[in-house]
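Since the structure comes first, as structure tokens, the remarks are kept for the end.
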Amino acid sequence: MPDASSPKFARPLLAPDAPASGPGAPGNPPETPVSKNFLEQIIDEHIASGPNAGAGGGRWGNWPASEGWRAGKPRVHTRFPPEPNGYMHVGHAKSVCLNFGLAKKYDGKFNLRFDDTNPAKEEQEYVDSIIRDVIWLGGDFTTDGKGGKHGGGLFYASDYFGKMYEWAEELITKGRAYVCELSADEVSKRRGTPTQPATSPHRDRPIEESLRLFREMKAGKHPNGSMTLRAKIDLASPNFNLRDPVMYRILHESHQHTGNAWCIYPMYDWAHGFEDSIEGITHSICTLEFEIHRPLYDWFIQSVNLGRADNKIHHPQQIEFARLNLTYTITSKRKLLDLVEQKRVSGWDDPRMPTVSGMRRRGYAPEAIRNFCDDIGVTRQESVIDFTRLENAVRDHWNKHAPRAMCVLRPLKVVIDNWPKDASGKPVVEHLDFVMNPETAERAKEASGERGPGIGGAASPLTAPGSPITSSTRKIPFTGELFIERDDFMEVPPKKFFRLSPGNEVRLRWAYFLKCVGVDKDAAGNITCVHCTYDPATKGGDAPPGPNGEPPRKVKATLHWVSAAHAVDGEVRLFDRIFKEEEPGKRTGNYIDDLNPASLEVITDAKLDPYLINAAKHHTNTRDIIDGHGRTHKIVTSNGDVYQFERLGYFSVDADSKPGKLVFNRTVTLKDSWAKDAAKQ
RNA sequence: UGGGGUAUGGUGUAACGGUAGCACGAGUGACUCUGACUCACUUAGUCUAGGUUCAAAUCCUAGUACCCCAACCA
């Protein structure tokens, strides 16, 4: 049963002094109502009511004087409580953004806590990966002063096993728990039906006997599965979770954090509320499927508090929200693990994976992921978000932040027949100005604003030490032999094809106007080379005005290019969505059937802007995270610079890059209305 | 079949008895040295049926659809 004091849900409260006539009332300044999500509405309601409302602290009281700048503000304390049994995915990212975002918004605190109650499934590798991912996302739980100011600490549920054990004995003593010797199988058989109650033969065992057996369980005198500690709640409840749920099971198993100290381990329902309680969490935010567990959450805490006068333990409020679903994506730890174990991807950080590590490797910025989470909002309605929304957030971010380069993925040779040669007969080389990022002005503004925290302070290549951007333009070499994109030439162009074709004039970006005068073909009829002429008067990319002041002539297309003599070969990995169906597995029942066989295309001989060979970097950052035990976790995060390859998309330097050999991941394409139109025909 | 949830344009989300708004998408156009970006305009919605009310997305009644629950997982 929930606290009598717990309002069931978000019913917004009017501020006590809000004008009854509302924003539209005459005389009121035109208010721009900032709409709040349901979690914020609940928090506001808690602050505005409850035992400490008079002191401004509402239901949870105020932060104490020891909290410094936070002292006296109403307490809001959230947490992200992952089980370390897998890597974080985009759904977890939403939870981090939510929980950390709330702590930040309300000047509160945010904890990272590992819900490590099942040693059979959990591993240190996952602990480390989660710490890394949460920090990278900007969910700063650290208290060492190096991060933000909302860190509440790093904790482990396993640190509370001793306290939980004491409370379990207390519940036995109070007649609210008993040792049951039914096997898992038997419990299942005796579970009953929605209308028929469950049964247990040990329910009315004397308290002393349960206490003795429970102590024997803890002492290791009983084998796995031989007995459990069960809560004595209601065998007839239509909510099966209340039919005397298991609190402790015997597991003779070494734990990644507590070693061999325990052979009984608490179940989620018994443990989770206490974890929140001990840490002083105010709002325990979880996903919808836990809603029917909330009665247990409350029952266990109330059972400990039963009969206590003034040493009651803290009782947080559990609140549920709808988990994130994305089209063309799975967010199931089990299925993600399958993809890794069956080697259908290269690992947890395969850039096609919806894992945080995959998104990082692909080149998604944490700011973009946070913007995405803000954008989609939070509610209790199940929904499926278009994957393109995530991609849009990524594009939006890098458009403002990524330096530009010109690279040719599928090269087609261009020879400029009228290009001048020097005294020795070699084509002249010119060095032209190239604009690093046409949105420099905006970028400067952005850079002066608050940046997301990243490990080592490097939120993005632009703020990293040794940032490739040093000025608004740089030089690029241009000669009479170039590569252009194969797609940018058609011998027989369709309607509305503005790019290069025989007789048609286009612009080479930041260089010259170019006109096609002929093509070379091989024996099979494939075009091997395009012959062109250039107009020297268009140097820099603009035509001069006519002799009588006529407006300069225009071209409809601008192509990217790279000098054949200067281009650097590099590998580029083109990723497409990992599943070809919006809801993988919906049709056949097996999501594996919907894997997109074309989700990865590797181009080994892309012609890269020579600038990149020295400028593009892959960064490895380390940071020491100290947990509540004073233990240090050395966290290593690696990410590559992200560039826009003009007209193609955003590309990030992959960890596989080696000196002299660059490997780029296509992070996301640019929008392409030409391709869209073409696909429609 | 029992219990717990959720229904607003194609998608996501506001509204808290008083003008159904915003974003994304889509469409059209403008601009453009990236068919990008940007800008303008357009498009389209309260699950159904009753009821209360001067007034209903909102309150009431009855349906319908979808999601979750019978692990010693979380």
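Only this structure's heavy atoms are used, side chains among them; waters, hydrogens and symmetry mates stay out. In the text below, chain A, chain B and the rest are named by the order of the sequence lines, each starting its count at 1.
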Problem set entry | Presence of A:T195 side-chain N/O under 4.0 Å of B:U1 phosphate oxygens OP1/OP2 | no

Exercise. So, A:T558 versus A:R509: side-chain donor-acceptor pair below 3.5 Å or not?
Worked result: no

Exercise. Is any NZ, NE, NH1 or NH2 atom of the basic residue among A:D535 and A:R553 found under 4.0 Å from an Asp or Glu carboxylate oxygen of the other?
Worked result: yes

Exercise. Where does RNA chain B form stems of at least three consecutive Watson-Crick or G-U wobble pairs, each pair having both distances below 3.5 Å?
Worked result: B:2-7 with B:64-69, B:10-13 with B:21-24, B:25-30 with B:38-43, B:47-51 with B:59-63

Pairs under 3.5 Å (N/O, protein and nucleotides 39-47 of chain B):
none

Seminar exercise, completed: To the nearest angstrom, the CG-P distance between A:L324 and B:U11 comes to 17 Å

Exercise. When the ring centroid of A:F478 is compared with that of A:W561, is the distance short of 6.0 Å?
Worked result: yes

For this session: Test for a donor-acceptor pair under 3.5 Å between the base of B:U13 and the side chain of A:Q381, counting only N and O atoms.
Result: no

Exercise. For every nucleotide of nucleotides 17-27 of chain B, 5' to 3': is a protein heavy atom under 4.0 Å from its base (B), only from its sugar-phosphate (S), or from neither (-)?
Worked result: ------BSSSS

Exercise. Can A:R499 and A:E485 be counted as an ion pair, charged N to O under 4.0 angstrom?
Worked result: no

Exercise. Taking CD from A:E646 and C1' from B:U32, how many angstroms apart are they, rounded to a whole number?
Worked result: 13 Å

For this session: Could you check whether A:R243 gets within reach of a base, just the sugar-phosphate, or nothing at all, counting any heavy atom under 4.0 Å?
Result: nothing

For this session: Show your working on side-chain hydrogen bond (donor to acceptor under 3.5 Å, both in side chains) between A:E289 and A:T287 and close with a plain yes or no.
Result: CA-CA 6 Å; A:E289 69 267 27; A:T287 44; 3.1 Å; yes

Problem set entry | Upstream residue (5' side of RNA chain B) when A:V384 and A:K36 are each assigned their closest nucleotide | A:V384

For this session: Send over the distance from A:N437 CG to B:U38 P, rounded to a whole Å.
Result: 13 Å

Exercise. With a non-hydrogen cut-off below 4.0 angstrom, is A:S237 in contact with a base, only sugar-phosphate, or nothing?
Worked result: nothing

Exercise. Does NZ or CZ of A:R294 come closer than 6.0 Å to the centre of the six-membered ring of A:Y297, within 45° of the ring's axis?
Worked result: no

Problem set entry | More than 12 heavy atoms from other groups under 6.0 Å of CZ on A:R323 | no

For this session: Check the side chains of A:N392 and A:R395 for a donor-acceptor pair under 3.5 angstrom, ignoring hydrogens and angles.
Result: yes

Exercise. Looking for any heavy atom pair under 4.0 Å, which part of the strands does A:R499 touch: base, sugar-phosphate only, or nothing?
Worked result: base

For this session: Counting heavy atoms from C-beta on, name the nucleotide in B:G12, B:G5, B:G35 closest to the side chain of A:T558.
Result: B:G35

Exercise. After noting the C-alpha distance and the side-chain angles of A:Y512 and A:K539, does the key distance pass the side-chain contact (heavy atoms from CB on, under 4.5 Å) rule?
Worked result: CA-CA 5 Å; A:Y512 292 96; A:K539 181 171 181 177; 3.3 Å; yes

Exercise. Which letters describe nucleotides 69-74 of chain B, given B = protein heavy atom under 4.0 Å from base, S = only from sugar-phosphate, - = neither?
Worked result: SBSBSB

For this session: Answer yes or no: is there an ion pair linking A:D185 with A:K189, defined by an N-O contact shorter than 4.0 Å?
Result: yes

Exercise. Partners of A:D677 by side-chain hydrogen bond (donor to acceptor under 3.5 Å, both in side chains), sequence neighbours excluded?
Worked result: none

Exercise. Has the side chain of A:Q41 got a donor or acceptor that lies under 3.5 Å from a partner of the other kind on the base of B:C16?
Worked result: yes

Seminar exercise, completed: In short, A:P81 meets A:H272 closest at the heavy-atom pair CB-CE1, 3.7 Å

Problem set entry | Listed partners of A:H560 passing ring-ring contact (aromatic ring centres under 6.0 Å, His included), at least two apart | none

